Amino acid sequence: MARALQLAARGLYTTQPNPRVGCVLVKDGRIVAEGWHERAGTPHAEIHALAAAGIAARGATVYVTLEPCSHHGRTPPCAEALVDAGVARVVAAMTDPNPLVAGGGIAMLTLAGIRAEVGLMEAEARALNPGFVSRMTRGRPWVRLKTASTLDGKTALANGASQWITGEAARADVQKLRARACAILTGSGTVLADNPRMNVRDIDVGRQPLRIIVDSGLRTPADAAILPALIACHHADPAARAVLEQAGAEVIEAPGADGRVDLAALLALLAQRGVNELHVEAGTRLNGALIKAGLVDEWVAYVAPMAVGDAARGLFDQPPLASLADAARFRLADVRQLGGDLRLTLLPA
């Protein structure tokens with residue numbers, strides 16, 4: 001199963017909106033075939049492994065990181081293919097959270113007389129597909145917030161200068177986070193201040209994540225480098241909408257309170273579009289709004305060993321707290337050094 005997870009990870013950048021899945025066939029104590037899902041619309045991991053095994057699949061044990069599918073989607077059911085191949089046993093790391101499957105694959109195998117088990121290395125399998133699990137069970141993407149700051153929690157000088165707080169190793173690592181995401185989210189303030197492209201560079205993934213701007217008042221310029229992008233606003237002025245649509249943007253309305261975008265509603269819309277993992281690189285207002293709404297599932301904080309003083313710009317726009325008990329709290333899941341910087345991976349406490 002550990003090998004199957006390694007194979008599944010090969011699809012980290014390419015399988016969206018499908019999950020990353022790996023498969024290993026074992027017979028007489030040795031691996032006879034392997035497979036992994038490469039991209040949506042192509043054969044699943046089990047099909048690749050069965051094709052590689054040929055007649056050796058009969059009587060084999062199948063280790064797969066996700067319950068074999070039992071429904072007809074873009075491809076035929078994998079559970080059916082395993083039955084036809086005559087495998088003797090299937091060990092799945094986790095049940096498929098997709099309601100279209102959710103135990104159906106295991107049931108199909110069992111009915112055919114194949115011994116089927118679920119739960120081996122389940123935590124590792126879930127960790128490989130947090131976005132797919134989130135979309136299927138919560139109806140919204142897994143939200144990964146990325147920040148880069150100094151030791152004293154500042155993201156830029158008072159004049160806006162921020163290049164570069166972190167070093168090359170940290171910036172290269174950010175590209176990997178972008179590459180694994182289905183979409184990248186930022187705010188109109190960041191677009192106006194920095195004119196970023198918010199794309200994947202230096203990694204050949206064969207696609208670019210959907211770029212999304214939270215822009216309540218449609219302030220995004222028609223010549224912004226981030227376009228074409230999806231722009232979520234509170235209310236679309238027809239003239240402003242027309243200009244942005246002509247520049248390649250898609251404008252949607254997600255009206256919330258106080259003239260702002262309803263972030264929870266936006267996440268639900270993104271899930272309907274197949275967005276599994278949402279990567280956020282934004283400014284203090286959007287960062288703060290996501291934290292306050294409890295919509296951050298993972299915070300990746302890059303910290304540079306420098307201090308720039310109180311006048312510099314901070315990480316989050318939050319109202320003053322009356323008590324530390326009201327603070328948003330996180331727990332450390334991982335800490336490592338990248339070049340001269342630290343990368344902290346935090347999960348909500």
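As the structure is a prediction and not an experimental result, all values here were calculated from the model.
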Write out all pairs satisfying salt bridge (Lys or Arg N to Asp or Glu O under 4.0 Å) with one or both partners inside [range], taking only residues at least two apart or from two chains.
| range | result |
| --- | --- |
| residues 102-111 | none |
| residues 207-225 | none |
| residues 93-112 | none |
| residues 193-206 | none |

Which residues pass the salt bridge (Lys or Arg N to Asp or Glu O under 4.0 Å) test with Glu80, not counting sequence neighbours? none
Sequence neighbours excluded, which residues qualify as salt bridge (Lys or Arg N to Asp or Glu O under 4.0 Å) partners of Arg10? none
Residue of the set Leu263, Ile231, Leu290 for which side chain to side chain contact (heavy atoms under 4.5 Å, CB included) holds with Val214: Leu263
Out of the candidates Val308, Leu157, Val303, only one should pair with Thr150 under the side chain to side chain contact (heavy atoms under 4.5 Å, CB included) rule; please name it. Val308
Contacts satisfying side-chain hydrogen bond (donor to acceptor under 3.5 Å, both in side chains) that involve residues 296-312 (not counting sequence neighbours) are Arg138-Asp297, Arg140-Asp297, Trp142-Glu298, Arg144-Glu298, Thr147-Trp299, Asp173-Tyr302
Would you say the side-chain atoms of [X] pair up with the backbone N or O of [Y], donor to acceptor, closer than 3.5 Å?
| X | Y | answer |
| --- | --- | --- |
| Thr14 | Glu38 | yes |
| Gln16 | Cys182 | no |
| Thr190 | Gly283 | yes |
| His37 | Asn18 | no |
| Asn195 | Ala225 | yes |
| Arg178 | Asn199 | yes |
| Asn129 | Arg20 | yes |
| Glu67 | Gly103 | yes |

Does the side chain of [X] reach to within under 4.5 Å of the side chain of [Y], using non-hydrogen atoms?
| X | Y | value |
| --- | --- | --- |
| Phe132 | Pro97 | yes |
| Val300 | Leu344 | no |
| Lys176 | Ile203 | yes |
| Arg135 | Pro141 | no |
| Ile184 | Leu210 | no |
| Glu34 | His48 | no |
| Leu218 | Ser188 | no |
| Arg171 | Thr166 | yes |

Identify, with sequence neighbours excluded, every residue that meets ring-ring contact (aromatic ring centres under 6.0 Å, His included) alongside His279. none
Using the ring-ring contact (aromatic ring centres under 6.0 Å, His included) criterion, which residues pair with Tyr13? Sequence neighbours excluded. none
Report yes or no: do [X] and [Y] belong to one cluster of Ile/Leu/Val/Met/Phe/Trp/Tyr joined by side chain heavy-atom distances under 4.5 Å?
| X | Y | value |
| --- | --- | --- |
| Leu145 | Leu278 | yes |
| Leu109 | Leu50 | yes |
| Leu286 | Val261 | yes |

At what distance, to the nearest 0.5 angstrom, does [atom1] of [X] lie from [atom2] of [Y]?
| X | Y | atom1 | atom2 | value |
| --- | --- | --- | --- | --- |
| Ile47 | Cys78 | CD1 | SG | 4.0 Å |
| Glu117 | Thr110 | CD | OG1 | 10.0 Å |
| Ile212 | Thr186 | CD1 | OG1 | 10.5 Å |
| His44 | Thr15 | NE2 | OG1 | 10.0 Å |
| Leu227 | Ile213 | CG | CD1 | 5.5 Å |
| Arg89 | Tyr63 | CZ | OH | 4.5 Å |

Decide yes or no on side-chain contact (heavy atoms from CB on, under 4.5 Å) for Met198 and Glu281, but give the supporting numbers first. CA-CA 8 Å; Met198 290 295 178; Glu281 290 189 38; 3.7 Å; yes
Closest contact, heavy atoms only, [X] versus [Y]:
| X | Y | answer |
| --- | --- | --- |
| Pro19 | Leu66 | CG-CD2, 3.6 Å |
| Met306 | Ile165 | CE-O, 3.4 Å |
| Val275 | Ala183 | CG1-CB, 4.1 Å |
| Gly314 | Thr284 | O-CG2, 2.8 Å |
| Val83 | Met108 | CG2-O, 4.4 Å |
| Ala93 | Thr65 | CB-O, 3.3 Å |

Under 4.5 Å between side-chain heavy atoms, chaining through other members, with only Ile, Leu, Val, Met, Phe, Trp and Tyr counted: pull out the rest of the cluster around Ile55, sorted by chain and number.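 Hydrophobic cluster check, Ile55: no partners found.
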Please list, one pair per line, the donor and acceptor atoms closer than 3.5 Å that link side chains of residues 238-255 to other protein atoms, with sequence neighbours excluded.
| residue | atom | partner | partner atom | Å |
| --- | --- | --- | --- | --- |
| Arg241 | NH1 | Glu245 | OE2 | 3.4 |
| Arg241 | NH1 | Val251 | O | 3.1 |
| Glu250 | OE1 | Arg273 | NH1 | 3.1 |
| Glu250 | OE2 | Arg273 | NH1 | 3.4 |
| Glu250 | OE2 | Arg273 | NH2 | 2.6 |
| Glu253 | OE2 | Ala236 | N | 2.9 |

If the threshold is 4.0 Å, N to carboxylate O, is there a salt bridge linking Glu124 and Arg126?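 The answer is no: the pair does not qualify as a salt bridge.
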Under the side-chain contact (heavy atoms from CB on, under 4.5 Å) criterion, do Met1 and Val91 qualify, and how do the steps go? CA-CA 8 Å; Met1 187 63 79; Val91 182; 4.0 Å; yes
List the steps and the verdict of side-chain contact (heavy atoms from CB on, under 4.5 Å) for Cys23 and Val62. CA-CA 7 Å; Cys23 181; Val62 180; 3.5 Å; yes
Please determine whether the number of non-hydrogen atoms from other residues, nucleotides or ligands lying under 6.0 Å from atom CZ of Arg260 exceeds 12.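 Counting other residues, nucleotides and ligands, CZ of Arg260 stays at 12 neighbours or fewer.
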Step through the shown structure and confirm whether more than 12 heavy atoms of other residues, nucleotides or ligands are within 6.0 Å of NZ on Lys292.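 Atom NZ in Lys292 is not packed in, count stays at 12 or less.
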Run the side-chain donor-acceptor check on residues 316-332: report pairs under 3.5 Å with partners two or more places apart or on a different chain.
| residue | atom | partner | partner atom | Å |
| --- | --- | --- | --- | --- |
| Gln318 | NE2 | Gly288 | O | 2.7 |
| Ser323 | OG | Ala325 | N | 3.1 |
| Arg329 | NH2 | Leu324 | O | 3.3 |

